[in-house]
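Please read the structure below before turning to the comments.
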Amino acid sequence: MNSSDGNELAEAVVQHEWQQFQRTDNEGGRAACQGNWPVFHQMRLSQFLTWPAPLLSSYADDLDEADHIGRNLITEKYGRMMASTAPGEYRRSIEPYIPQLPDARIALQEQIIATQVGWALEFRTRYPKLGNGMRVLRTAEDTPDATSFETYLRGELGTYSSATFGSYRRFIDELRSQGRNLTEETVRNTVLLGGFASLEEAEALQ
């Protein structure tokens, strides 16, 4: 997305997520990352700058609707991740209070997750130093203190409305049909926002 309007919407979505993140309760008190706006901004904007405008608009509507009905999508995302990282706590304290996803939706999410894990693995092969600084890749590698890319993505997808999820699924299908790699495009945005000229420069300077 190159238009100034698209960039403005992406920035607005990051700001809205940050507001919800500030209202997310963390076991043991406020998490350090909740006070780190520069990193949050860089990482989330890197993602949203890859999204087409209709998808970004749909997710912006999700955030607005969540505020209207008293949901917090960021809290819910982290809660859903605990199905893997803290399953007992998830079953007791989270699962009964968040929307349950139909089996058909879960199956479609898993197809997308498999595609994106494949892209992340491919990226790590081509840019091993940058890849080494990323999250561990697979849910099997989760610990109570480290959440994998796969688990994080599963938590995030689970918060999308039906409309946003459908738009996201079309986005992923389009990238795949064009031979593009979403991890590469996202991390390219990250390193450019971080002041590097290219992925190659960032890799060389790790």
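Just so it is clear, the structure is predicted and the values come from calculations on it, not from any experiment.
- Phe171 and Leu182 get closest at one heavy-atom pair: CZ-CD1, 3.9 Å.
- For the atom pair CG of Leu55 and CZ of Phe48, the computed distance is 9.0 Å after rounding to the nearest 0.5 Å.
- In the hydrophobic clustering of ILVMFWY residues, with side-chain heavy atoms under 4.5 Å counting as a link, Trp37 and Tyr78 come out together.
- Side-chain contact between Leu63 and Leu73: present, with at least one pair of heavy atoms (C-beta onward) separated by less than 4.5 Å.
- By the rule that hydrophobic residues join a cluster once side-chain heavy atoms approach within less than 4.5 Å of another member, Phe165 and Leu101 end up as members of separate clusters.
- For Ser46, the side chain to side chain donor-acceptor pair (under 3.5 Å) test picks out Thr190, with sequence neighbours left out.
- Residues Gln116 and Leu175 fail the side-chain proximity criterion, which asks for heavy atoms closer than 4.5 Å.
- Asp103 CG: 12 or fewer foreign heavy atoms inside a 6.0 Å radius.
- One hydrophobic cluster holds both Phe40 and Leu153 under the rule that ILVMFWY side chains link at heavy-atom gaps under 4.5 Å.
- A salt bridge links Arg23 and Asp67; the closest N-O separation between the charged side-chain nitrogens and carboxylate oxygens is under 4.0 Å.
- Summarising the geometry, atom OG1 belonging to Thr164 is positioned 11.0 Å from atom CG belonging to Leu157; distances are rounded to the nearest 0.5 Å.
- Considering only heavy atoms from C-beta on, Gln15 stays 4.5 Å or farther from His41 through its side chain.
- Rounding to the nearest 0.5 Å places OH of Tyr97 at 14.5 Å from CD of Glu76.
- With respect to Glu185 and Arg188, no salt bridge is recorded, no charged nitrogen being found less than 4.0 Å from a carboxylate O.
- Separating the CG atom in Leu205 from the NZ atom in Lys129 is a distance of 8.5 Å, to the nearest 0.5 Å.
- Heavy atoms only, all atoms of each residue included: Thr139 and Ser84 are closest at CG2-OG, 3.3 Å.
- Cluster annotation: Ile112 is connected to Leu108 through the hydrophobic network of ILVMFWY side chains, with a link wherever side-chain heavy atoms come within less than 4.5 Å.
- For residues 195-206, every residue pair satisfying the side chain to side chain donor-acceptor pair (under 3.5 Å) rule, not counting sequence neighbours, is listed here: Tyr127-Glu200.
- For Ile94, the side-chain contact (heavy atoms from CB on, under 4.5 Å) partners at least two apart in sequence or on another chain are Met82, Tyr90, Ile98.
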Decide yes or no on side-chain contact (heavy atoms from CB on, under 4.5 Å) for Gln47 and Met43, but give the supporting numbers first.
CA-CA 7 Å; Gln47 173 177 324; Met43 301 306 293; over 6 Å; no
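- Ring geometry, Trp51 versus Tyr160: the interplanar angle exceeds 60°, so the pair is classed perpendicular (tilted spans 30 to 60°).
- The shortest heavy-atom contact between Leu9 and Ser57 is CD2-OG, 3.4 Å.
- Between Ser161 and Ser58 the shortest heavy-atom distance is OG-OG, 4.4 Å.
- When all heavy atoms of Ala202 and Leu130 are compared, the pair lying nearest together is CB-CD2, 4.1 Å.
- With contacts defined as side-chain heavy-atom distances shorter than 4.5 Å, the pair Trp119/Thr186 does not qualify.
- Evaluation of the side chain to side chain donor-acceptor pair (under 3.5 Å) rule for Arg176 yields Thr115, Asp173 as partners, not counting sequence neighbours.
- Linking ILVMFWY side-chain heavy atoms closer than 4.5 Å, directly or via other members, places Leu56 and Leu45 in a single hydrophobic cluster.
- A heavy-atom distance below 4.5 Å is found between the side chains of Met81 and Tyr152.
- Arg180 has its side chain out of reach of Thr50: every pair of non-hydrogen atoms, C-beta onward, lies at least 4.5 Å apart.
- Applying the side-chain contact (heavy atoms from CB on, under 4.5 Å) test to Arg124 and every residue at least two apart in sequence or in another chain returns Met134, Leu137.
- Within the model, atoms CD1 of Ile113 and CZ of Arg138 stand 12.0 Å from one another, a figure rounded to the nearest 0.5 Å.
- Pairing each heavy atom of Asn181 with each of Phe123, the nearest pair is ND2-N, 4.2 Å.
- Residue pairs meeting the salt bridge (charged side-chain N to carboxylate O under 4.0 Å, His left out) criterion with at least one member in residues 142-171, sequence neighbours excluded: Arg44-Glu156, Lys77-Glu156, Glu110-Arg154, Glu150-Arg154.
- Using a 4.5 Å heavy-atom cutoff, the side chains of Glu8 and Glu11 are not in contact.
- Atom CD of Glu141 is separated from atom OG1 of Thr147 by 12.0 Å, given to the nearest 0.5 angstrom.
- Residues Thr85 and Thr143 fail the side-chain proximity criterion, which asks for heavy atoms closer than 4.5 Å.
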